[in-house]
Amino acid sequence: MNKTLKLKKNYEFKIVLTKGKYYSGKYLDVFVKTNNSSFNFIGIAIGVKIAKAVKRNRIKRLVRENYRLLEKDLKVGYNIVFLWKKKVDIKNATFSNIKEDMTSIFKRIGILE
RNA sequence: GAAGUAAAUUGAAUAGUCGCGUAUGGCAAAACCGAAAGGUUGCGUAUGAGGAAAGUCCGGGCUCCAUAAGAGCAAUGAUGCUGGAUAACAUCCAGUGAAGGUAACUUCAAGGAAAGUGCAACAGAAAAUAACCGCCUUUUUAGGUAAGGGUGAAAAGGUAAGGUAAGAGCUUACCGCAGAUAUGGUGACAUAUCUGGUCAGUGUAAACCCCAUCUGGAGCAACACCUCGUAAUUCCAAGAAGGUUAAGAUGCUCUUUCGUCUUCUUGGUUUUGGUGGCUUAAGCCUUAUAGUAAUAUAAGGAAUAGAUAAAUGACUAUUCAUGACAGAACCCGGCUUAUAGAUUUACUUUAUUU
């Protein structure tokens, strides 16, 4: 079982956000772009204006945890970036809400087996 | 018991399963990523956010600005009762003064308004060489008068008696104010006595300003090193040779010191990625001694985050109860702001009992 790989550089994020495909969920926005490797890379971006540091960290952890639980069922070869929708209240950032949302988005994308 | 004041502590706990950062290389073995430098992976062990980590408001350390040292002037900004503490401070401690509170106690940007300039809207007769109304005299024109009037943040020391045409520090007493002297105190200042009625000059210096003291700039995205790449031949450093006192190293001046210009040689510089900087520090706790205290000295003790799209999470169970404010980003000392609840100590007022 490999570790979850992360996108690290600013230009990597930009490529995914500008050239990737956009999927909108109930709470999350997701950008997906294929890469030519045998791994999935993920990145999580939450704007400074949405919430203060503690709540931003909370959202990141929940997204990362949910991704970790789904990861073994995913097809490989994608760069994925998650964004939190600006208009959604942060109080909805619970584990079960994000789980439902992420599962449905992945099914629409077609990478969930 | 009730209300309150001050100081301090704490900032949900336990168990299980899965998962993350860092350190260690204890065990295991090779493999993988990369152009290289370098990095990654299994198991185990250890360890992993705060009292404010926040705001970035001060003071320092550290780094660079090629590079220094001294003297003077100016500018900028800051501080502003006194004495002490500290590496330093706008912080802290102990006092003084003023304001508030029955009190415990709290608050204070607390030098100078006769160095100069400015401002004081509206209201009001008048806002600083005061006569509108009123009062008095005179007799119709002038004079005296700050007692009384409303306004305003502020109205020309206050109260009482005498005095007067009516009044007024005009006179006296007390209070206040100013000055001098003495005593006490390191000092801010306090107390006492004497003198002053020409005690004519209101407020504002978080208005300019004056005085005293301090003050170079930028910041870890600082900075150092490694690797890849080699276009323009820019810029920088070192060395050698030649020439020279024009120009430069601080806003200016002076002195010392360095150095400037040209040619040649050598090395480096921009981009990519990586490593270091990166955590033990003028730090914390206890005891003893000195000190009212801040703190100092000595002895002893505990120490274990160091990420870089950035580690603490998810689920289940139980308990109190539905956990507030809130997440390290070079480090340290403070300040300010946010904060559910719980606990301890000392003290004040009041009620009751004895």
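Note that this is a predicted model, so its numbers are computed, not measured. Letters A, B, ... are given to chains in the order of the sequence lines, protein chains preceding strands, and every chain is numbered from 1.
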#### Entry: Closest-nucleotide 5' rank along RNA chain B - winner of V54(A) and K60(A)
K60(A)
### Message
In this structure, how many angstroms lie between the P atom of A53(B) and the NZ atom of K55(A), rounded?
### Response
21 Å
## Note on the structure
d(L28(A) CG, D101(A) CG) to nearest 0.5 Å is 5.0 Å
### Task
Have a look at G333(B) and give me syn or anti from its glycosidic angle (syn if within 90° of zero).
anti
### Query
Taking any strand in view, what nucleotide pairs with G111(B) in a Watson-Crick or G-U wobble way, both distances under 3.5 Å?
C210(B)
### Query
If the C1' atom of A78(B) is compared with that of U202(B), how far apart are they to the nearest Å?
32 Å
### Summary
Any strand, both distances under 3.5 Å, Watson-Crick or G-U wobble: G143(B) pairs with C136(B)
### Message
When the P atoms of A190(B) and C347(B) are compared, how many Å lie between them, rounded to an integer?
### Response
33 Å
### Query
Using purine N1 to pyrimidine N3 plus N6-O4 or O6-N4 for Watson-Crick, or N1-O2 and O6-N3 for G-U wobble, each under 3.5 Å, what pairs with A296(B)?
U289(B)
### Task
Quickly work out the N57(A) CG to G48(B) P distance and round it to whole Å.
19 Å
### Query
When the C1' atoms of U349(B) and G80(B) are considered, how many whole Å apart are they?
39 Å
### Query
For G51(B), is chi within 90° of 0 (syn) or not (anti)?
syn
### Message
Expressed as a whole number of angstroms, how long is the span from I98(A):CD1 to G313(B):C1'?
### Response
12 Å
### Query
When you compare A130(B) with G149(B), how far apart are their C1' atoms, in angstrom units rounded to a whole number?
16 Å
### Atom P, compared across U295(B) and A311(B): separation rounded to whole Å
38 Å
### Message
Would you say R64(A) places a side-chain N or O within less than 4.0 Å of OP1 or OP2 belonging to A310(B)?
### Response
yes
### Task
Round to a whole Å and report the spacing from CD1 of I59(A) to C1' of A309(B).
15 Å
#### Entry: Close side-chain approach of V30(A) to M102(A), heavy-atom, < 4.5 Å
no
### Query
Taking atom C1' of A54(B) as reference, at what distance in whole Å does atom CZ of R56(A) sit?
12 Å
### Summary
Any strand, both distances under 3.5 Å, Watson-Crick or G-U wobble: A23(B) pairs with U45(B)
### Message
Under the rule for side-chain hydrogen bond (donor to acceptor under 3.5 Å, both in side chains), what residues qualify as partners of Y22(A), not counting sequence neighbours?
### Response
D29(A)
### Query
If you measure from the C1' atom in C92(B) to the same atom in A302(B), how many Å do you get, rounded?
27 Å
### Message
Distance criterion of 3.5 Å, no angle test: do you see the side chain of E65(A) paired donor-to-acceptor with the base of G19(B)?
### Response
no
### Task
Any chance you could measure N57(A), atom CG, to L62(A), atom CG, to the nearest 0.5 Å?
10.5 Å
### Within-4.5 Å side-chain heavy-atom neighbours: V63(A) and W84(A)
no
### Query
Taking a pair as Watson-Crick or G-U wobble with both distances under 3.5 Å, which nucleotide is matched to C32(B)?
G39(B)
#### Entry: Atom C1', compared across G143(B) and A131(B): separation rounded to whole Å
12 Å
### Message
Under 3.5 Å for both donor-acceptor distances, Watson-Crick or wobble: does C335(B) have a partner, and if so which one?
### Response
G55(B)
### Message
With rounding to the nearest 0.5 angstrom, report the CG to CZ distance, N66(A) to F82(A).
### Response
9.0 Å
#### Entry: Watson-Crick/G-U partner (both atom distances under 3.5 Å) of C278(B)
none
### Task
Provide the distance between the two C1' atoms, one in A128(B) and one in C119(B), to the nearest whole Å.
15 Å
### Query
Looking at residues at least two apart in the chain, or sitting in another chain, which of them share a side chain to side chain contact (heavy atoms under 4.5 Å, CB included) with K21(A)?
Y23(A)
### Query
Counting only Watson-Crick or G-U wobble pairs whose two distances fall under 3.5 Å, which nucleotide matches U86(B)?
none
## Note on the structure
The glycosidic conformation of A126(B), counting syn as within 90° of 0 and anti otherwise, is anti
### Query
For the base of G327(B), is there a side-chain donor-acceptor partner from R61(A) under 3.5 Å away?
yes
